[in-house]
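In what follows, chains are A, B, ... by sequence order, proteins preceding strands, each numbered from 1.
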Amino acid sequence: MAGPERKVWSENYSEWFHKVISETPIYDTRYPVKGTGIWTPFGFRLRSSVLNIIREELERTGHDEVLFPQLIPDYLLSRESEHIRNFEDEVYWVTHGGKTPLDVKLALRPTSETAMYPIFKLWINAYSDLPLKIFQVVSVFRYETKATRPMIRVREVSTFKEAHTAHATREEAEEQVRTGVEVYSRIFGELKIPFLRSVRPDWDKFPGAERSVAFDTIMPDGKVLQIGTVHFLGQNFSKAFDIKYMTKEGGYEHVWQTCYGISERAIAALISVHGDDRGLVLPSNIAPVQVVVIPIVYKGREEEVLKACVGARDALQSAGIRAALDNRRDLTPGNKYYSWEMKGVPVRVEIGPRDLDAGTAVIVRRDSLKKVQVQIGSLAEAVKEAFREIDLELGRRSRDWMETKVRKASSIDEAKEELDRRGGVVEMFWCGRASCGQELEKAIDARILGTPYEDEIAVGQDAKCILCGEVALKKIRAARSY
RNA sequence: GGGGCUGUAGGCUAGCUUGGUCUAGACUGCGAGGCUUGGGCCCUCGUGACCCCGGUUCAAAUCCGGGCAGCCCCA
């Protein structure tokens, strides 16, 4: 499928991304605080579309939305030792109320475990209160020391969807992890974002987790972006926060917990994996505007053309399609095409004098820019059919592209060369020892993503660790990452 | 964490070495009007900036110090 070029997109991704988010516009980076940004009206609508899909999936699977406070007292934040050890260098502190120094320092939440779990202790009394499954969408703050990047590495994560669950047994909580992974797989499936699911190595788990499963995607420049994580917390937090429930038998037991999160990185990925040199390309379910109708007015037939366009827009809207009419008089059609293409509107409808005479309209797909003429009476049907094709194509194209970026390597040199030359992800065999894993990271100058979620332990009989040469127990993935 | 570079209208760019002629630009955007409209038409008029604070100086976009912000490289 030809479509517009993806030259800048692939060769100068950083520039492309910045240009797209600022020109569309989606996200304004000019706010004078490092690592923050502004969601513009269009960007906010795009963000809402993504959140709607996330909310729908979570609510459908029994999660209730809540909202906890932003401020966390220092004694709570530091209660789980591993958790605080990993976050303490990047916490923002509120130390004053006006001019008065606070007796208890308050953290701007870097994540909400320590805000929520003392309250879980109050909410959970008996087994009948379990399972507890909640989520919230909030800003979290992390004082990033690495270079910040709009939407990708920020100090105020402005779109942090975090879900937290509590269960009676280890098995139930482990089952919830699998459910969480499936929920996220469906969400990214809806967004047509291809992903790899990896079990993070022990040295890169979420602070306080027993096990972390991560979703990664590959960006146009070949670097990997983490777009979601699902954590099994075991009883680490429930013991630290003393969250107990009374069992059927009358004894007390600490709950078993999970948590999982998605941030605006998912939106950065959505923008990046589908885009081309004309700007955004959006799946129809995400696009804030699904169809734009553009009148091709000629002198003498303005009224007639405009009337037909209004009719077309209304017909599309009554068919449940988010349609807009661009009747700005001072822009040429070409000008309008470019601006709506930048916004990623999946389908454009053109109606001009030729169409009036023939009783037709022209529809143009954003992904391929292919034009077809359809009968005006069946416009809505034709548009819906185009949506189906576009959505299929976007899913196929992004998945195929990612697959070309995942390679196997059987030696250190091969792995390093692959990463140097094409980026992406390399898969290797690994004995499972942390020492080998961390040495591997240094040797190939990459980050270990972990082992495939789907087949954590399945490797061939004669597989050897890429580093020490001993029997391999696992496959391991590595990549250059954001 | 270490090092380097940068900051001039909404965007992009020149000027900075050697302080004064620089309230710069045939660009783009934005506003008004005209002419147009099947891929960024054209014309006229208008609009807008030297990141912040301090210092040096008769004089600072330019030199110095600090802050804030951004980019790049290394760990």
Side-chain angles (χ1 to χ4, degrees), chain A residues 2-5 8 12-38 40-43 86 88-90 142-156 221 223 276-279 292-306 308-309 312 325-343 345 347-366 368-374 376 420 438-439 441-447 480-482:
Chain A
E5 277 199 302
V8 181
N12 204 339
Y13 165 68
S14 248
E15 180 194 309
W16 178 88
F17 184 71
H18 197 268
K19 192 170 131 94
V20 167
I21 62 174
S22 59
E23 283 183 19
T24 300
I26 293 168
Y27 191 79
D28 197 324
T29 58
R30 292 171 298 180
Y31 192 74
V33 176
K34 186 178 172 69
T36 63
I38 299 151
T40 64
F42 183 81
N86 280 272
E88 65 188 344
D89 290 338
E90 42 186 72
R142 293 174 188 180
Y143 185 77
E144 288 285 350
T145 51
K146 288 184 183 177
T148 58
R149 267 171 183 274
M151 281 200 237
I152 288 172
R153 177 169 281 112
V154 288
R155 287 184 170 179
E156 178 181 5
D221 59 359
K223 284 168 87 173
D276 62 29
D277 286 358
R278 299 272 176 99
V292 61
V293 179
I294 298 189
I296 311 298
V297 290
Y298 274 89
K299 206 166 179 167
R301 303 190 71 175
E302 295 95 336
E303 289 301 313
E304 221 182 328
V305 168
L306 198 61
C309 287
L325 169 63
D326 187 349
N327 59 3
R328 288 176 289 180
R329 299 304 306 262
D330 47 343
L331 291 180
T332 59
N335 222 316
K336 295 178 185 179
Y337 301 163
Y338 282 103
S339 73
W340 290 103
E341 279 163 5
M342 179 64 83
K343 286 179 153 56
V345 174
V347 171
R348 172 173 94 228
V349 172
E350 304 170 16
I351 300 177
R354 291 208 294 265
D355 298 294
L356 290 185
D357 298 339
T360 58
V362 174
I363 72 177
V364 187
R365 283 171 55 166
R366 173 63 182 88
S368 62
L369 294 187
K370 272 208 283 206
K371 294 188 179 196
V372 283
Q373 202 162 26
V374 301
I376 191 85
D420 286 342
Q438 288 172 312
E439 209 173 306
E441 285 188 325
K442 288 202 190 82
I444 61 176
D445 187 24
R447 176 175 165 207
R480 309 264 158 79
S481 71
Y482 277 100

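For B/G7 and B/A75, the P atoms lie 28 Å apart once the distance is rounded to whole Å. Comparing the P positions of B/G67 and B/C50 gives a spacing of 23 Å, expressed to the nearest Å. Comparing B/U37 with B/C51, their P atoms sit 45 Å apart, to the nearest whole Å.
A 3.5 Å limit on both hydrogen-bonding distances identifies B/U13 as the Watson-Crick or G-U partner of B/A24. Partner assigned to B/G31 is B/C45, using Watson-Crick or G-U wobble distances below 3.5 angstrom. Pairing of B/U57, defined by two Watson-Crick or G-U wobble distances under 3.5 Å, is not identified with any nucleotide.
Here B/U36 is the nucleotide among B/U36, B/G38, B/C41 with the atom lying nearest to any side-chain atom of A/K299. Side chain of A/K34, nearest nucleotide from B/A69, B/G39, B/C41: B/A69. Of the candidate nucleotides B/G10, B/G39, B/G38, B/G39 has the atom nearest to the side chain of A/R278.
Looking at heavy-atom distances under 4.0 Å, A/S339 makes no contact with the nucleic acid at all. Nucleic acid contact class of A/E302 (heavy atoms, under 4.0 Å, all strands): none.
Remark: the A/Q373 side chain and the B/G38 base include no donor-acceptor N/O pair separated by less than 3.5 Å. Residue-to-nucleotide contacts include no donor-acceptor pair under 3.5 Å from the side chain of A/R30 to the base of B/G11.
The shortest side-chain heavy-atom distance between A/K223 and A/I152 does not fall under the 4.5 Å cut-off. A/R328 has its side chain out of reach of A/N335: every pair of non-hydrogen atoms, C-beta onward, lies at least 4.5 Å apart.
Here the closest non-hydrogen pair linking A/G279 and A/R366 is N-NH2, 3.4 Å. For the pair A/D326 and A/V292, the tightest heavy-atom approach, listed with the atom from each and the gap, is CB-CG2, 4.0 Å.
Dashed line: the shortest gap from a side-chain N or O of A/Y298 to OP1 or OP2 of B/G38 is under 4.0 Å. The phosphate of B/G39 has neither OP1 nor OP2 within less than 4.0 Å of any side-chain N or O from A/N335.
With A/Y482 as the aromatic partner, A/R153 does not meet the cation-pi criteria of under 6.0 angstrom to the ring centre and within 45 degrees of the ring axis.
Two residues, A/R155 and A/P333, neighbour RNA chain B, and the one matched to the more 5' nucleotide by heavy-atom proximity is A/P333.
Under the stacking criterion of a centre-to-centre distance below 5.5 angstrom and an interplanar angle below 30°, A/Y337 is not stacked against the six-membered ring of B/G39.
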